[in-house]
Amino acid sequence: MRKLFILFTMMILAVLTSCSDKDANPAKFIVGFAQNAYILENFAGATTTVRIVSSSPAEADLSVPFTLTGEGAEDLSVSANLFKFKAGDSSAEITISRKKVSKSKNATMTLTNANGVRLGLMDYIQVVLTGPNVYSFTNNHDKLAIRKSYEITMETATGARFNFPNTTVYDIAVDEASTAVEGIDFEFVNGKKAIFPAGKNTGQVSIQYLQKREGHDKIVLRMAKNESLISGNNPTLTINIAGPSDFSGTWKFAGVLNSTWLYDGLRLSDTLLVTGTPENDYFTFKGDNNSYQFTPHFSGKLKNYFTAAGTAINLGTRPEMLQEKGGTPPPKVDLTVLKMENVNLNISPTDKTIGNYRVGFFMRNNSTTNQEELIMTIYEYKPTDTTPGEWGSWADTYNLMVDAGDDPVMLSFPIRIAFTRKE
């Protein structure tokens, strides 16, 4: 009987001791992750905020440690090594960031025990590092005249749009299907790279024309092999080398280039004859080097010269001194001379001498804006404007130049107008 009493007493003490220990650490503060997975897209700097929540507000400042394990752990950086609750908080957050692009990987974040904290059922999560981004050239075919930049758009593997946080560069490859030879027929302006500016998901690769050779006028570009990239709708871009004498496209008014030179030489304003804006004054050339269909869309005074659509026939080239550039001698270019239909020689809304007349063109790359420009040179014209200037009117100037014997009469006083491509 005494033995039974002793055994019973020992059992009671054991129960009381167990209850006493539990009361000493009641672990009322239960924590767990707010969701079971977080996704990081495939670009360096991609971030997400990981959140843990508690069953009740913290009574005092508390910290909850965690571990990161798995293949993707080495590719992650964290904003803090602990989830920190301040008194009164019911949630805590840290930010995780992706260090680099890579194949698909996973990491596991696991909460670990801490004083005053009990882990709930959601004590671990998966961090998914998505696989290759998807690239696509904006177009699958294009042309190269002098210099041009071609766009490439990047999306995540899940089809989401994103912005690179920092300037990002990818290598470009010239595909074996190309017939043009790098360094002979064309060259890359900024290296064989696609450059994506910070804050953008669209990058550019820029190419410079060198020459056009029959049978060697096709460039095919693709992204270089990279485990972090796969191709989208337009995996390659085929560029036909057109050269600087191919004016096909739509061109918008950018301004008169030799205004100051004309005024210094004639004391006359070019705006008496030519005005325009990029939004309302443009034209289209459709065709090839031999002939074009010309379609004008002018709201300014150029509509007084180009009165209607028509054909423009290539008459060949002739040298042109760019007097407005200065120098001894001034720089020279080859003008491509087009004979254009429906031109009003008088550049006047009232006086009409309409026929087929010569207009010169050449292309250049603007070193300041890095834009391709088509330069129009109006030199076959017979102005009838009588607005007086310091030395007479445009009509007076024409009458004086008749005696100079130039063909055409105003050859020495061309009006030079810049146009840029209208996208």
### Message
Could you tell me if Thr156 and Thr158 have a donor-acceptor pair between their side chains, going purely by distance under 3.5 Å?
### Response
yes
### Query
When you look at CD of Glu59, are more than 12 heavy atoms from neighbouring residues, nucleotides or ligands closer to it than 6.0 Å?
no
### Message
If we count only N and O atoms by modelled type, under 3.5 Å, do the side chains of Ser393 and Thr386 hold a donor and an acceptor together?
### Response
no
### Side-chain donor-acceptor pair present, Thr260, Glu324, cut-off under 3.5 Å
no
### Query
How long is the span from the CZ atom in Phe306 to the CD atom in Glu341, to the nearest 0.5 Å?
13.0 Å
### Query
When the ring centroid of Trp394 is compared with that of Phe413, is the distance short of 6.0 Å?
no
### Task
Mind checking the CG-OH spacing from Leu411 to Tyr381? Nearest 0.5 Å is all I need.
10.0 Å
### Message
Does Arg161, at its CZ atom, have more than 12 non-hydrogen atoms belonging to other residues, nucleotides or ligands within less than 6.0 Å?
### Response
no
### Query
Charged N to carboxylate O under 4.0 angstrom, Arg98 versus Asp75?
no
### Task
Answer yes when Arg358 and Asp407 have at least one side-chain N-carboxylate O distance shorter than 4.0 Å, and no when they do not.
yes
### Query
Going by distance alone, is a donor N or O of one side chain under 3.5 Å from an acceptor N or O of the other, for Thr108 and Thr110?
no
### Task
Mind telling me whether Tyr170 and Phe196 have parallel, tilted or perpendicular rings, with 30° and 60° as the class edges?
perpendicular
### Task
Using a cut-off of 6.0 Å, state whether more than 12 heavy atoms not belonging to Asn81 lie near its atom CG.
no
### Query
Charged N to carboxylate O below 4.0 Å: is that the case for Lys212 and Asp185?
no
### Query
Looking just at side-chain N and O atoms, do Thr236 and Arg222 make a donor-acceptor pair shorter than 3.5 Å?
no
### Message
A quick test of your reading: do over 12 heavy atoms of other residues, nucleotides or ligands sit less than 6.0 Å from OH of Tyr124?
### Response
no
### Message
Once you measure the plane-to-plane angle for Phe43 and Phe164, does it fall in the parallel (<30°), tilted (30-60°) or perpendicular (>60°) bin?
### Response
perpendicular
### Query
Between Glu320 and Arg416, is the closest basic N to carboxylate O distance under 4.0 Å?
yes
### Message
Please determine whether a side-chain nitrogen of the Lys or Arg among Lys192 and Asp171 lies less than 4.0 Å from a carboxylate oxygen of the Asp or Glu.
### Response
no
### Task
Determine whether Thr112 and Val64 make a side-chain contact, defined as any pair of heavy atoms from C-beta on separated by less than 4.5 Å.
no
#### Entry: Phe283-Phe419 aromatic ring centre distance below 6.0 Å
yes
### Task
Run the salt-bridge test on Lys103 and Glu71 with the 4.0 Å N-O cut-off and return the result as yes or no.
yes
### Task
Would you give the length of the straight line joining atom CG of Asn139 to atom OG1 of Thr238, rounded to the nearest 0.5 angstrom?
11.0 Å
### Task
For this output row, return yes or no: ring centroids of Phe253 and Phe298 closer than 6.0 angstrom.
no
### Query
Taking atom types as modelled, is there a side-chain donor on Thr49 or Glu93 under 3.5 Å from an acceptor on the other?
no
### Query
Centroid-to-centroid, Phe83 to Phe66, below 6.0 Å?
yes
### Message
Could you check whether Phe137 and Tyr150 have their ring centres less than 6.0 Å apart?
### Response
no
### Query
Has Lys325 got more than 12 heavy atoms of other residues, nucleotides or ligands less than 6.0 Å from its NZ?
no
### Task
Ignoring hydrogens and angles, state whether a donor on the side chain of Thr353 or Asn346 is under 3.5 Å from an acceptor on the partner side chain.
yes
